[in-house]
There are 2 protein chains.
Amino acid sequence: MAIGLKDSTIKVERPAKTLRELALDKVREAIDSGHFMPGDRLVERDLCAQLGVSRTIVREVLRHLESEGLVANLPNKGPIVARLDADEARQIYEIRGALEGMAARLCAERRDSTIVEALEGALDDIRHCYRKKDMPGVLASTSAFYQVLFSKVDRHVAWGIVNLLTVRINHLRSMTIKTDNRNVEGPAQMERIIEAIRRGDGEGAYRAAMDHVTSAAAIAEAVISAQSPAV
Amino acid sequence: MAIGLKDSTIKVERPAKTLRELALDKVREAIDSGHFMPGDRLVERDLCAQLGVSRTIVREVLRHLESEGLVANLPNKGPIVARLDADEARQIYEIRGALEGMAARLCAERRDSTIVEALEGALDDIRHCYRKKDMPGVLASTSAFYQVLFSKVDRHVAWGIVNLLTVRINHLRSMTIKTDNRNVEGPAQMERIIEAIRRGDGEGAYRAAMDHVTSAAAIAEAVISAQSPAV
DNA sequence: CACCATATTATGGCGTACCAAATACTTATC
DNA sequence: GATAAGTATTTGGTACGCCATAATATGGTG
């Protein structure tokens, strides 16, 4: 397992991550864990101190996050954690719907039983995490579910984009999965995706994947409008 | 004032671009103009000299391009201009199809006559550039056409992604538009998109946009397999 | 002559110090 | 009390230096 992308060799994934990559992960993690809230200023030298790295690194990390859309840069004022408004969130969910629907369709058309098995496995993980109330686990295994969808049909570019977008709505995701009934509705929708793929119904798989994202988006919309009554 | 991220106000776009942004544009331009070829090493200190900026800037630029996928970083060897293989190009065209199809559908469903007018205008530009054999102009006005598609339904996130992907296949694009008959086939396909939008046919607009990308992808595939007989 | 160990070089990774310009915050003066 | 002047704060940008590693050259030894 964990075949990765294309290396047939048995190389160690990350022999030595650079300090920059470590710092990047830390800051990203800090943002979507809520340690840095949207709108917070990210003062370079403060980050240097907190991360224990030089300004060079911090600047590169901030640029990277900026190009990912997690950080916004106010001219002559510096970087802040990007705010996510309802409209942007809506667009992100919409794009995910289009891409995940596409992947689901391709999976259905490929008629490969290992796809169904892998998806069932991921779905089991999700249900298991829900039962244990392991919410980070739910997020991770949900991502794993979709990763199967994309990687089984070798769509790593699309998967990269979905991942990029997902980071930006991560805090919304953690709220949507805690919603009443999402623990049964979510897996049920994913089961429908699997069903459509199993019977080779591309159109049905597309719609099922789309439905899943759409309902998540609806919950997210409710959440976002509840938490910011007045922008 | 300055509500935050999206300014619908009439602010001057770039009163003062930072040096870093200038350098970023320069390098990006150098890559897709072919000044730097895929596989070329991008030695930091050389770039400093060529651009006349400090290493800090160069590094930030390289990181940015890396996250855009235009530059790849070989561990312990440094950055090179990313190679684009046929499979990746195929995936990029596929994603563009999904997103542009989505935008076209939304345009059709909105039933706004100004959309049709704007698209006709852009298409006229394209035809005009073809007549003048102004190939960079064709590329630019084709982009403008699609930008209308996305911006008229306020999908700037999707537009951003399409743009990101487009940069990576830019040299392919410049070859596809030079293909025999593309100067009549391309505009004809775009006309069909407009027609579907005009009659409010969402599904038709989706398919027409998809067709246009698909045929471009087919040409690109031919080009890429012709220019690299053996990888 | 073949081969292995040791320099040298090129380059990325990382850090420090410094300057200039813009913004925000005080303070002093009238 | 309001305004002008001065002072931090912080980014944008530069210059330089150090270390680690990989590739290449060099040289010595059997």
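Computed from a prediction, not measured in an experiment: that's the story for all the values here. Per chain, numbering begins at 1; letters A, B, ... match sequence-line order.
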Checklist entry - Across the strands shown, which category fits A/Leu62 at heavy-atom distances under 4.0 angstrom: base, sugar-phosphate, nothing? => result nothing
Checklist entry - CG of B/Asn73 versus P of C/dG12: gap in Å, rounded? => result 9 Å
Checklist entry - Closest to the B/Val43 side chain: C/dT23, D/dG12, C/dG12? => result C/dG12
Item to check | A/Lys17 and A/Glu21 ion-paired at < 4.0 Å | outcome: no
Checklist entry - Distance check: side-chain N/O of A/Asn76 vs OP1/OP2 of D/dT11, anything under 4.0 Å? => result no
Checklist entry - To the nearest Å, how far apart are A/Arg59 CZ and D/dT14 P? => result 9 Å
Checklist entry - What integer distance in Å separates B/Lys77:NZ from D/dT24:C1'? => result 14 Å
Checklist outcome for this item: Considering only heavy side-chain atoms of A/Leu19, the closest of C/dG12, D/dT21, C/dC14 is C/dC14
Item to check | B/Arg63 side chain near C/dG13 phosphate (N/O to OP1/OP2, under 4.0 Å) | outcome: yes
Next on the checklist: As a test of reading the structure: which of D/dT10, C/dC14, D/dG12 is closest to the side chain of A/Arg41, going by heavy atoms?
Outcome noted: D/dT10
Checklist entry - How many Å lie between CD1 on B/Ile57 and P on D/dG13, as a whole number? => result 5 Å
Next on the checklist: Need to verify one output field. Residue with the more 5' nearest nucleotide on DNA chain D, A/Pro79 or A/Thr56?
Outcome noted: A/Pro79
Checklist entry - Does B/Lys26 pair with B/Glu29 as a salt bridge, N-O distance under 4.0 Å? => result no
Checklist entry - Separation of A/Glu60 atom CD from C/dG15 atom P, in whole Å? => result 10 Å
Next on the checklist: Heavy atoms only, 4.0 Å cut-off, all strands: where does B/Leu74 land among base, sugar-phosphate and nothing?
Outcome noted: nothing
Checklist entry - Nearest of D/dA22, C/dT16, D/dT11 to any side-chain atom of A/Arg45? => result D/dT11
Checklist entry - What is the distance from NZ of A/Lys17 to C1' of C/dG12, rounded to the nearest Å? => result 19 Å
Checklist entry - Roughly how many Å is it from CG in A/Leu51 to C1' in C/dG15, rounded to a whole number? => result 15 Å
Next on the checklist: By the 4.0 Å heavy-atom rule, please label B/Arg20 as base, sugar-phosphate, or nothing.
Outcome noted: sugar-phosphate
Next on the checklist: Could you tell me if B/Glu60 and B/His64 have a donor-acceptor pair between their side chains, going purely by distance under 3.5 Å?
Outcome noted: no
Next on the checklist: Looking only at side-chain N and O atoms, does B/Asp87 offer a donor or acceptor that is under 3.5 Å from a partner on B/Gln91?
Outcome noted: yes
Next on the checklist: Parallel, tilted or perpendicular, judged at 30° and 60°: which one describes the rings of A/His212 and A/Tyr146?
Outcome noted: parallel
Checklist entry - Whole Å only: how far is the CZ atom of B/Arg55 from the P atom of D/dC18? => result 14 Å
